[in-house]
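Down below is the structure, laid out as structure tokens.
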Amino acid sequence: MSELYIRVAEDENEEPMEIPSEDDGTILLSSVAAQFPGACGLRYRNPESQCMRGVRLVEGVLHAPENDWGNLVYVVNYPKDNKRKMEEIDAASAVKVKRGFQKTSDLIVLGLPWKTSEQDLKDYFTTFGEVIMVQVKRDLKTGNSKGFGFVRFTEYETQTKVVAQRHMIDGRWCDCKLPNSKAGPDEPMRSRKIFVGRCTEDMTTDELRQYFMQYGEVTDVFIPKPFRAFSFVTFADDQVAQALCGEDLIIKGISVHISNAEPKHNNIHQLFPNFPGGSASLAAMFDRSQYQFPSSHV
DNA sequence: GTTGAGCGTT
């Protein structure tokens, strides 16, 4: 079968778009997703039964029904059509709206001038939004500032804005961070990234992307080089990533294990006791890396 | 009475 185009639409009544097939007559889900971001499959109305039918999808490859795409208009499936998953995502979403989303937290302010007072801090940060609380940490005996403090805002949006930039306060550059967190202004959100364990060396980034896009929009795939039997997949939506954690999935006939890519302090020498070049080079490599093992692999 | 990466007396 040579190159052909099949008609795909967002909805049965929408204007279809032509999507190219592969040489073997299949269509890559990624080709569909290129025009319909977030697409996870196709369906069509069976002319005989008038029922909607799903198109066979195997590891990112869509197969023509009866080996012939015919002249039908195919309709895009999105992850939200999965009712079971949707309930989970709704629940997670509700939790997030109630707690995480608009819940502000104290921010640590590092690098304050010794002379900066709490009133100075309040005056400065109020230019970004309403301030709930400011603190300057001081030596109890002398009353001298320790050069850092805390601030808390009413609005989460204000907090986001403040953390994302540096601050000139009384003549010094200061940083605002989440306490006990090395997370910088543009650190990738951990919760959108999953750890894919038990990968084989022949799995490519394209294949992983095509596979995982059935669950939601994939924004990044990372495979460490040289081969290390795991990879990272980042979704546009963190709830999709969270929903996959703990699952064993079959990719190219191989069972891979999904877990959270949360940072964790691990003993890397236990994981690779005989790493070539010795433990020092291994440690250096890991120190430079933003990628870490999930707790289930420790 | 000094200092300049960090992590919070109550």
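Quick note: numbers below take in every heavy atom, side chains included, and nothing from hydrogens, waters or symmetry partners.
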Exercise. Under 4.0 Å between a side-chain N or O of Lys177(A) and OP1 or OP2 of dC7(B)?
Worked result: no
Exercise. Where each residue is assigned the nucleotide of DNA chain B containing its nearest heavy atom, which of Gly147(A) and Phe150(A) is assigned the position nearer the 5′ end?
Worked result: Gly147(A)
Problem set entry | Atom-to-atom span, CD1 of Ile132(A) to P of dG8(B) - whole angstrom | 21 Å
Exercise. Charged N to carboxylate O below 4.0 Å: is that the case for Arg198(A) and Asp248(A)?
Worked result: yes
Exercise. Is the backbone of Val134(A) close enough, under 3.5 Å, to the side chain of Arg152(A) for a donor and an acceptor to pair up by distance?
Worked result: no
Exercise. If we require ring centres under 5.5 Å and near-parallel planes under 30°, does Phe148(A) stack on dG6(B)?
Worked result: no
Exercise. Could you give the CG-to-C1' distance, from Asp170(A) to dG4(B), as a whole number of Å?
Worked result: 15 Å
For this session: Take Arg138(A) and Leu112(A), find for each the nucleotide of DNA chain B with the closest heavy atom, and name the residue whose nucleotide sits nearer the 5' end.
Result: Leu112(A)
Exercise. Tell me: CG of Asp106(A) to C1' of dG6(B), nearest whole Å?
Worked result: 17 Å
For this session: Return yes if some donor-acceptor pair links the side-chain N/O of Glu118(A) with the main-chain N/O of Val136(A) below 3.5 Å, else return no.
Result: yes
For this session: Answer with base, sugar-phosphate or nothing: what part of the nucleic acid does Leu107(A) contact at a heavy-atom distance below 4.0 Å?
Result: nothing
Seminar exercise, completed: Rounded to whole Å, the CG-P distance (Asp139(A) to dT3(B)) equals 16 Å
Seminar exercise, completed: Rounded to whole Å, the NZ-C1' distance (Lys137(A) to dG6(B)) equals 14 Å
Exercise. Between dG8(B), dG4(B), dT9(B), which one does the side chain of Trp114(A) approach most closely?
Worked result: dG4(B)
Problem set entry | Selection from dT10(B), dC7(B), dG4(B) that lies nearest to any side-chain heavy atom of Arg172(A) | dG4(B)
Exercise. Does a salt bridge link Lys252(A) with Glu59(A), judged by any charged N lying under 4.0 Å from a carboxylate O?
Worked result: no
Seminar exercise, completed: In whole angstroms, the gap separating C1' of dG1(B) from NZ of Lys115(A) amounts to 17 Å
Exercise. Arg166(A) has an atom CZ; how far is it from atom P of dG4(B), in whole Å?
Worked result: 17 Å
Exercise. Do Thr200(A) and Asp202(A) get their side chains close enough for a donor-acceptor pair, meaning under 3.5 Å?
Worked result: yes
Exercise. For Leu178(A) and dC7(B), what is the distance between atoms CG and C1' respectively, to the nearest whole Å?
Worked result: 12 Å
